[in-house]
Novice: 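I have a structure here, written as structure tokens, and I will follow up with some questions on it.
Per chain, numbering begins at 1; letters A, B, ... match sequence-line order.
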Protein chains: 2
Amino acid sequence: MKDHQTVFVEFLQGRGLKYTRNRKIILDIVFGLHEHFDAEQLYDLARKETRAMSRATVYRTIPLLCEAGLLQQSVRSSARDTFEHIYGHPKHIHWVCTRCGAVIETDLAEVMAVLKQEAKRIGFSADEIKFNVVGKCWKCGSIENE
Amino acid sequence: MKDHQTVFVEFLQGRGLKYTRNRKIILDIVFGLHEHFDAEQLYDLARKETRAMSRATVYRTIPLLCEAGLLQQSVRSSARDTFEHIYGHPKHIHWVCTRCGAVIETDLAEVMAVLKQEAKRIGFSADEIKFNVVGKCWKCGSIENE
DNA sequence: ATATAAATTGCGACTCAATCTCAATATATG
DNA sequence: CATATATTGAGATTGAGTCGCAATTTATAT
């Protein structure tokens, strides 16, 4: 499997775009993070790497990473769009707690079989899967009943 | 099964809120629509019913309907938050086409068994299920290859 | 009916995430 | 190294969504 840098470089080349210093910084942060993040958090982290980084660049790089299949928009748990890197990650279900904001992930493998069959039936070619369940986690569910 | 009006009225009463003319208009439109919609579309439709309807009222009523379990936020296919009524509707998967914007719905019943088991295992009490698959519908998938 | 208290409303100002413009700068290629 | 093209930061702009407030509507008790 290609590493994420190779994927991004090849994607950029295919479009006549350049693998710049700033894009490299952003890519590294995205794949160094193992949680969901929003553009502002990404900007803050990138800013620690270099002063020469603007919000505009971050906002412009995010869609490129998405189109390259490296990043995808995730559950929106705040006012801001949130993202997570997906390359090399098994598909999963997000369980979003409305009380504490926790996002638990579980495997999607069992569901995939049903999904593939369905996709075939309706002739849909899937790029991204977003499976979110909203409710209360075990901690918050019990607090509710106190 | 209670009708959606009863559910809303009881929800409002339980909170010491009132079932007003404007809230009734909005509720009726929401359950008259059988597609996804955003706040602006809802406002336009409500405005046709009465001149005495502001965006603020629409924006303030939407979260009430969500909390009452009548409405839920859906796939965001534009810049605006989109919604769909859910009361009395079987759970479904959304297949969102990135090219033409079509949203196809299919049944979620087969997946539910797996999901319930998983919820039990992690102790999660689910309120809403959002299962979206993003990709290309059969029409747009074939255009791509021309 | 009428009075009273409380919730609701429209208006328009406001917030803030996200986008756009444009001149200056960085990058790839011959 | 020269040229063409892509990228960048700064700050202006957009636009969905929220908020404050005075006027109005609604529910309840009298």
Novice: Judged by each residue's nearest nucleotide on DNA chain D, which is more toward the 5′ side, B:R21 or A:Y19?
Specialist: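 Comparing both residues, the 5'-ward one is A:Y19.
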Novice: Could you state the NZ-P distance from A:K24 to C:dT27, rounded to the nearest angstrom?
Specialist: 13 Å
Novice: Rounded to the nearest 0.5 Å, what separation is found between the NE2 atom of A:H94 and the OG1 atom of A:T106?
Specialist: 9.0 Å
Novice: Using whole Å, what does the distance between atom C1' of nucleotide C:dA26 and atom CD1 of A:I25 come to?
Specialist: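 Rounded to the whole Å, the gap is 14 Å.
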Novice: Considering the terminal five base pairs at each end of the helix from C:dA1-D:dT30 to C:dG30-D:dC1, what angle separates the two local helix axes, rounded to 10°?
Specialist: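 If I round to tens, the end axes sit 40° apart.
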Novice: Measure the distance from CZ on A:R47 to C1' on D:dA10 and round it to the nearest whole Å.
Specialist: 11 Å
Novice: Just the rounded figure in Å: distance from C1' of D:dG15 to CZ of B:R55.
Specialist: 11 Å
Novice: Atom NZ of B:K136 and atom CH2 of B:W95: how far apart are they, to the nearest 0.5 Å?
Specialist: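 One finds 15.0 Å between NZ of B:K136 and CH2 of B:W95.
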Novice: Between A:R23 and B:D81, just flag the one whose closest nucleotide in DNA chain D comes earlier from the 5' side.
Specialist: A:R23
Novice: Examine the base of C:dG10 for any acceptor or donor lying under 3.5 Å from a partner atom in the side chain of B:R60, and report the outcome as yes or no.
Specialist: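 Answer is yes: a donor-acceptor pair is held.
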Novice: From C-beta outward on A:A39, which listed nucleotide comes closest to its side chain: D:dG17, C:dA18, D:dC19?
Specialist: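 Ranking D:dG17, C:dA18, D:dC19 by closest atom to the A:A39 side chain puts C:dA18 first.
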Novice: Mind checking A:D38 for me? I need base, sugar-phosphate or nothing, with any heavy atom below 4.0 Å counting as a touch.
Specialist: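 Nothing, no nucleic acid heavy atom in range.
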Novice: Tell me the interatomic distance from A:L12, atom CG, to D:dT7, atom C1', rounded to whole angstroms.
Specialist: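 So the CG-C1' distance, A:L12 to D:dT7, works out to 12 Å.
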Novice: With a 3.5 Å cut-off and heavy atoms only, can you find an N or O donor on one side and an acceptor on the other between the side chain of A:K18 and the base of C:dT27?
Specialist: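 In this structure, the two groups form a donor-acceptor pair.
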Novice: Please identify each residue that fulfils side chain to side chain donor-acceptor pair (under 3.5 Å) with B:Y43, with sequence neighbours left out.
Specialist: B:R47
Novice: Are more than 12 heavy atoms, taken from residues, nucleotides or ligands other than A:Q41, located less than 6.0 Å from that residue's CD atom?
Specialist: yes
Novice: Separation of A:F8 atom CZ from D:dT7 atom C1', in whole Å?
Specialist: 12 Å
Novice: CD1/B:I86 to CD/B:Q73 distance, rounded to the nearest 0.5 angstrom?
Specialist: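 CD of B:Q73 is found 11.5 Å from CD1 of B:I86.
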Novice: Given C:dG12, C:dC20, C:dA17, which nucleotide is nearest the side-chain atoms of A:Y59?
Specialist: C:dA17
Novice: Among the nucleotides C:dT8, D:dA16, C:dA17, which one has an atom lying closest to any side-chain atom of A:R80?
Specialist: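 Among C:dT8, D:dA16, C:dA17, the one nearest the side chain of A:R80 is C:dA17.
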Novice: As an exercise, state the distance from CG of B:D81 to CZ of B:F37, rounded to the nearest 0.5 Å.
Specialist: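 Here the interatomic distance stands at 11.5 Å.
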Novice: Would you please indicate yes or no on a ring centroid separation below 6.0 angstrom for B:H85 and B:F31?
Specialist: yes
Novice: Considering only side-chain heavy atoms of B:T20, which listed nucleotide, D:dG9, C:dG10, D:dT26, is closest?
Specialist: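 My answer, after comparing the listed nucleotides, is D:dT26.
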Novice: What is the distance, to the nearest angstrom, from the CG atom on B:N22 to the P atom on C:dA7?
Specialist: 18 Å
